[in-house]
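Report on the following structure.
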Amino acid sequence: MEASRVKEISTSMIRRMFEVVESAKKKGIDIISLSIGEPDFDTDSRIIEFACKAKKEGYTHYTSNFGLDELREAIAERYGVEKEEVMITTGGSEALLNASLAFIERNSEVLIPSPNFLSYFVYSKLCEAKTVQVKTHPEFRLNVEEISKALSEKTSVVFLNYPNNPTGVVEDEKTLKEVVELAQERKAIVISDEIYDQIYYDKKPVNLVDFENVVVVNGFSKSLAMTGWRIGFTIADKKLIDSMLKVHQVNGVCAPAFAQKAVAEAFFSGIFDEVTENMRKVFKERRDYVYKELKRIGFEAVKPEGAFYIFAKIPEQFENCMQFVEKLVMHGVALTPGIPFGEGNEKYVRISYACSMESLKKAVERIEKFMDEYR
Ligand code: PLP
């Protein structure tokens with residue numbers, strides 16, 4: 001029997017999207033996918049070499065639950081914290097689950113601004129909490145007053161994610177600090193998912209590492225194009241790290257040793273900065289292109305300041321995002337519908353520009369043709 005905590009968790013949207021794309025492919029339609037959630041770059045070959053060398057040197061065993069010392073030190077130095085405040089995890093996702101299980105009390109309230117990364121809604125359900133959503137439309141910025149009203153003495157956790165998936169918004173420092181302080185007054189923990197902190201275009205995102213009630217979640221899936229390597233990390237007060245360790249010791253246990261070593265070497269050799277700088281340049285060019293073209297075609301959208309997504313409003317003549325996405329697939333472009341990103345997103349789609357400029361240009365052409373047919 002399926003446990004009640006997973007009963008309400010739906011995989012129907014993923015299945016539906018899979019079916020939609022598969023049936024278009026069966027009809028012989030060539031599809032450009034703008035629904036991708038990872039950089040289209042391969043991991044830098046030098047990092048792969050570091051990993052191969054590490055394996056030969058015996059980095060094939062468990063590491064400490066906290067992670068390899070040299071990687072923790074490199075992260076601590078970069079973010080200006082102590083090594084003891086850093087714990088390496090099996091990707092950002094493991095860190096998010098550890099933090100959720102450690103700090104979301106059953107029947108408590110979990111505050112999630114909408115739109116937001118869909119996993120947060122699942123964590124809240126897994127922890128048998130009540131999700132409280134605060135809509136941020138149409139600018140996708142936090143309204144401190146609304147957050148204050150939505151917080152209560154029942155709030156255990158607030159999820160924040162900047163640069164944001166799916167909107168690309170980078171919230172400003174003053175607002176974020178006010179939200180953290182409000183949460184602290186209510187004795188709530190803020191889980192600040194900063195996994196896109198290296199992918200920004202205009203202003204540098206804030207890292208909320210200096211607050212007693214904040215758990216920062218980060219990792220190298222996006223920044224070093226290492227989604228398959230499963231290396232994430234948490235930065236938090238030592239007391240909070242201890243609580244998360246109780247989950248991590250039976251959950252991720254430790255991230256792959258050779259992969260941890262390879263990332264540490266990427267820091268020491270300066271490759272980290274080189275890779276992230278290059279990625280920012282490439283993504284910025286694509287961001288500028290996609291934003292300009294979508295506006296020209298007639299979409300309403302907020303200009304992304306980070307990550308590699310744009311959250312666009314669908315034109316009035318379409319009923320909802322599912323209808324739009326299903327029709328567009330037949331014209332050769334796959335997008336992600338807005339619904340799984342929270343309340344109020346029925347009329348939005350997420351467009352990922354983590355694909356080549358050539359594919360983007362083709363996709364824009366197809367979207368424009370599609371729109372012309374429905375005007
Ligand atoms: N947080 C956000 C906002 C994401 O978009 C993703 C992946 O798409 C993750 C966390 C998960 O990252 P990881 O692959 O390191 O588990």
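Both counts, for ligands and for their atoms, begin at 1 and track the order of listing.
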If Ile, Leu, Val, Met, Phe, Trp and Tyr residues are connected whenever their side-chain heavy atoms lie under 4.5 Å apart, and connections chain through other members, are Met226 and Leu96 in the same group?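 Shared cluster, no.
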May I ask you to check whether Thr227 has an N/O atom sitting below 3.5 Å from an N/O atom of ligand 1?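 No, since none of the N or O atoms of Thr227 sits under 3.5 Å from an N or O of ligand 1.
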Compute the shortest N/O to N/O distance between Tyr120 and ligand 1 and return yes if it is under 3.5 Å, no if not.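 The answer is no, given that Tyr120 and ligand 1 share no N or O pair closer than 3.5 Å.
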On the 0 to 90° scale, with breaks at 30° and 60°, tag the Tyr201-Tyr353 ring pair as parallel, tilted or perpendicular.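 Ring orientation of Tyr201 relative to Tyr353: tilted.
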Between Glu85 and Lys238, does a side chain to side chain contact (heavy atoms under 4.5 Å, CB included) hold up when you go through it step by step? CA-CA 5 Å; Glu85 294 171 321; Lys238 282 174 230 167; 4.3 Å; yes
What are the atoms of ligand 1, with element, lying closer than 4.0 Å to any heavy atom of [X]?
X: Gly92; result: 13 (P), 15 (O), 16 (O)
X: Asn161; result: 3 (C)
X: Ser221; result: 13 (P), 14 (O), 15 (O)

Note the single closest protein heavy atom to [atom], along with its residue, its atom name and the distance in Å.
atom: atom 12 (O) of ligand 1; answer: Ile195 CD1, 3.6 Å
atom: atom 11 (C) of ligand 1; answer: Ser93 OG, 3.4 Å
atom: atom 6 (C) of ligand 1; answer: Phe117 CZ, 3.4 Å
atom: atom 1 (N) of ligand 1; answer: Asp193 OD2, 2.5 Å

Compute the minimum heavy-atom distance from [X] to ligand 1 and say whether it is under 4.0 Å.
X: Arg230; value: yes
X: Gly219; value: no
X: Phe220; value: no
X: Lys222; value: yes

Under 3.5 Å: donor-acceptor pair, side chain of Thr155, backbone of Val157: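 Between the backbone of Val157 and the side chain of Thr155 there is no qualifying donor-acceptor contact (under 3.5 Å).
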Partner of Tyr196 by ring pair (Phe, Tyr, Trp, His ring centres under 6.0 Å), out of Tyr162, Phe220, Phe308, Phe117: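 Only one of Tyr162, Phe220, Phe308, Phe117 forms a ring pair (Phe, Tyr, Trp, His ring centres under 6.0 Å) with Tyr196, namely Phe308.
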Hey, can you pull the donor-acceptor pairs under 3.5 Å for the side chains in residues 228-236, sequence neighbours left out?
from, atom 1, to, atom 2, distance (Å)
Trp229, NE1, Thr43, OG1, 3.1
Arg230, NH1, Thr227, O, 2.9

Tell me, do Met371 and Glu368 make a side-chain contact under 4.5 Å, heavy atoms counted?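 No, every pair of side-chain atoms sits at 4.5 Å or beyond.
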Criterion salt bridge (charged side-chain N to carboxylate O under 4.0 Å, His left out) on Glu109 and Arg186, from CA distance to verdict: CA-CA 12 Å; Glu109 290 178 4; Arg186 311 298 210 294; over 6 Å; no
Inspect the surroundings of CG in Asp372 and state if more than 12 heavy atoms from other residues, nucleotides or ligands are less than 6.0 Å away.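 Counting other residues, nucleotides and ligands, CG of Asp372 exceeds 12 neighbours.
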